[in-house]
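Heads up, the thing below is written out as structure tokens.
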Amino acid sequence: MNKEQVEQLILNEFMAVPFHSLYFYLRRRPVSLAYGGTCSDKVLHLYSKLLELGVKVQLQTSYMNDVESHRLLLIKIGGIDYIADIGNGWPSIKMFPTNEDYTYCAFGVGFHSRIFDDHVKIYREIDGFKKLVVDVPTVVKDEALIMRDIECRFNKDNNGPFLDTVRFGQVVGDRYLYLKDKTLFVYAEEQGLEVISMDGLSLFEIIDQYFYFDTKGFMEKSIALL
């Protein structure tokens, strides 16, 4: 596969496999990766697809807010390593080359990568405000260690950021929708940002009304945490 084909697959993932915190918020764990989740779930879903297609891909870990807690993919195409941040809660639909700075815009959200000696910093820009969101080391961590961390993400001592809050993000048509608790943020290239209050609707009512997601299937393909 070439770069354009892989990025089309990434876009398809953002449409079909949403980012969400439902497993943590509802105290459940997945049986199938097809229903998305946080970075670990989304990364593993695309990782297995790329392996089946013969793409050179490996797991990598990175830092968010100076904490090593975020997983993404390194994909080699044409001798160049690219960062695929498929598990971010933002529409990071393009890959970042590790050999040069890169900038693009999707759904009105800007993304910028900057190369440093031993890491790549990725920034998100909205309405002119730029924020560092991911810091990716260029030294690759052992995949077995990353998988161990992923397997431990539902441990009782996990104090991650999504235990008591709702996050749900998905590309829907020509917009990117991001639910933060009871507020829906709608990002679009031409229309700009729209903010909608979801007060009065239950969680699954919001998801069923605004997102392409099988809530019934999600519950059937997940189990309650003990």
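Model, not experiment: these values are computed from the prediction. Index from 1, following the sequence.
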Are Leu51 and Val140 grouped together when hydrophobic residues (ILVMFWY) are joined by side-chain heavy atoms under 4.5 angstrom apart? yes
- prompt: Is a side-chain donor or acceptor of Gln170 paired with a backbone partner of Tyr212 at a separation under 3.5 angstrom?
  reply: yes
Rounded to the nearest 0.5 angstrom, the CG-CG distance for Leu9 and Leu50 is 5.5 Å
Verify same cluster id: Val134, Val67 (apolar side-chain graph, 4.5 Å):
no
Interatomic distance, CG@Leu33 vs OG@Ser48, rounded to 0.5 Å, equals 6.5 Å
Under a side-chain separation threshold of 4.5 Å, the hydrophobic residues clustered together with Tyr123 are Leu132
In short, Ile93 meets Phe14 closest at the heavy-atom pair CG2-CD1, 3.8 Å
Should Leu22 and Phe168 count as side-chain neighbours, where that means a heavy-atom distance under 4.5 Å?
yes
In this structure, would Val31 and Tyr25 fall into the same cluster of hydrophobic residues linked by side-chain contacts under 4.5 Å?
no
Please output the side-chain donor-acceptor pairs of residues 71-80 that fall under 3.5 Å, not counting sequence neighbours, one pair per line with the distance.
| from | atom 1 | to | atom 2 | distance (Å) |
| --- | --- | --- | --- | --- |
| Arg71 | NH1 | Ser40 | OG | 3.1 |
| Lys76 | NZ | Asp81 | OD1 | 3.0 |

- Query: Can you check whether Pro18 reaches Tyr178 side chain to side chain, under 4.5 Å on heavy atoms?
  - Reply: no
Over 60° means perpendicular and under 30° means parallel, so tell me whether Phe218 and Tyr35 are parallel, tilted or perpendicular.
perpendicular
The residue among Asp135, Asp85, Thr38 that forms side chain to side chain donor-acceptor pair (under 3.5 Å) with His70 is Asp85
**Prompt:** Using a distance-only test with no angle check, is there a side-chain donor-acceptor pair under 3.5 angstrom linking Asp41 and His20?
**Reply:** no
Do Val6 and Tyr82 have side chains that get closer than 4.5 Å, going by heavy atoms?
no
Residue pair Leu177 / Leu184, side-chain heavy-atom distance below 4.5 Å
yes
task: Mark yes or no for whether Gln60, through its side chain, and Ala84, through its backbone, hold a donor-acceptor pair below 3.5 Å.
output: no
Scanning both residues in full, the closest heavy-atom pair of Pro91 with Phe111 reads O-CE1, 3.4 Å
Decide whether a cation-pi geometry holds between Lys121 and Tyr63; the criteria are a distance under 6.0 Å from NZ or CZ to the six-membered ring centre and an angle within 45° of the ring axis. no
With sequence neighbours left out, the residues meeting salt bridge (charged side-chain N to carboxylate O under 4.0 Å, His left out) with Asp181 are Arg167
By side chain to side chain donor-acceptor pair (under 3.5 Å), Lys182 pairs with (sequence neighbours left out) none
message: Grouping I, L, V, M, F, W and Y whenever their side-chain heavy atoms are under 4.5 Å apart, do Val195 and Tyr187 come out in a common cluster?
response: yes
Take a 6.0 Å sphere around CG of Asp142 and say whether it holds more than 12 heavy atoms from other residues, nucleotides or ligands. yes
Are Val17 and Ile150 in one and the same hydrophobic cluster, where Ile, Leu, Val, Met, Phe, Trp and Tyr link if side-chain heavy atoms are under 4.5 Å apart? no
Closest non-hydrogen contact found for Met1 with Leu53 is SD-CD1, 3.4 Å
Taking OH in Tyr104 as the centre, count heavy atoms belonging to other residues, nucleotides or ligands within less than 6.0 Å. Is the count above 12? yes
Interatomic distance, CG@Leu46 vs CG@Asn12, rounded to 0.5 Å, equals 10.0 Å
Interatomic distance, OG1@Thr103 vs NZ@Lys94, rounded to 0.5 Å, equals 13.5 Å
- Does some side-chain heavy atom of Phe19 sit less than 4.5 Å from a side-chain heavy atom of Ile86? no
* Asked: Centres of the Phe185 and Tyr176 rings: under 6.0 Å?
  -> no
Residue set satisfying side chain to side chain donor-acceptor pair (under 3.5 Å) with Glu143, at least two apart, ordered chain then number -> Tyr47
The complete set of salt bridge (charged side-chain N to carboxylate O under 4.0 Å, His left out) pairs with one or both residues in residues 183-208, sequence neighbours excluded, reads none
### Message
Can you confirm whether Lys141 is buried at NZ, in the sense that more than 12 heavy atoms of other residues, nucleotides or ligands lie under 6.0 Å from that atom?
### Response
yes
query = Does atom CG of Asn65 have more than 12 heavy-atom neighbours, drawn from other residues, nucleotides or ligands, at distances under 6.0 Å?
reply = no
Between Ala188 and Arg175, the two heavy atoms sitting closest are CB-CG, 4.1 Å
Check whether the ring centres of Phe213 and Phe204 lie less than 6.0 Å apart, and answer yes or no.
no
Heavy-atom nearest pair, Val120 first then Ser113, reads CG1-CB, 4.1 Å
dist Leu44:CG -> Met147:CE (nearest 0.5 Å) comes out at 5.0 Å
Examine distances only and state if a side-chain atom of Gln5 and a backbone atom of Asn2 form a donor-acceptor pair shorter than 3.5 Å.
-> yes
Closest heavy-atom pair, Arg124 versus Trp90, reported as atoms and distance to 0.1 Å, is NH1-NE1, 2.8 Å
Rounding to 0.5 Å, atoms CD1 (Ile196) and CG (Leu179) come to a distance of 10.5 Å
Quick one: does Ser21's side chain have a donor or acceptor within less than 3.5 Å of a partner on Thr165's backbone?
yes
From the list Lys49, Gln8, Lys42, side chain to side chain donor-acceptor pair (under 3.5 Å) partner of Glu13 resolves to Lys49
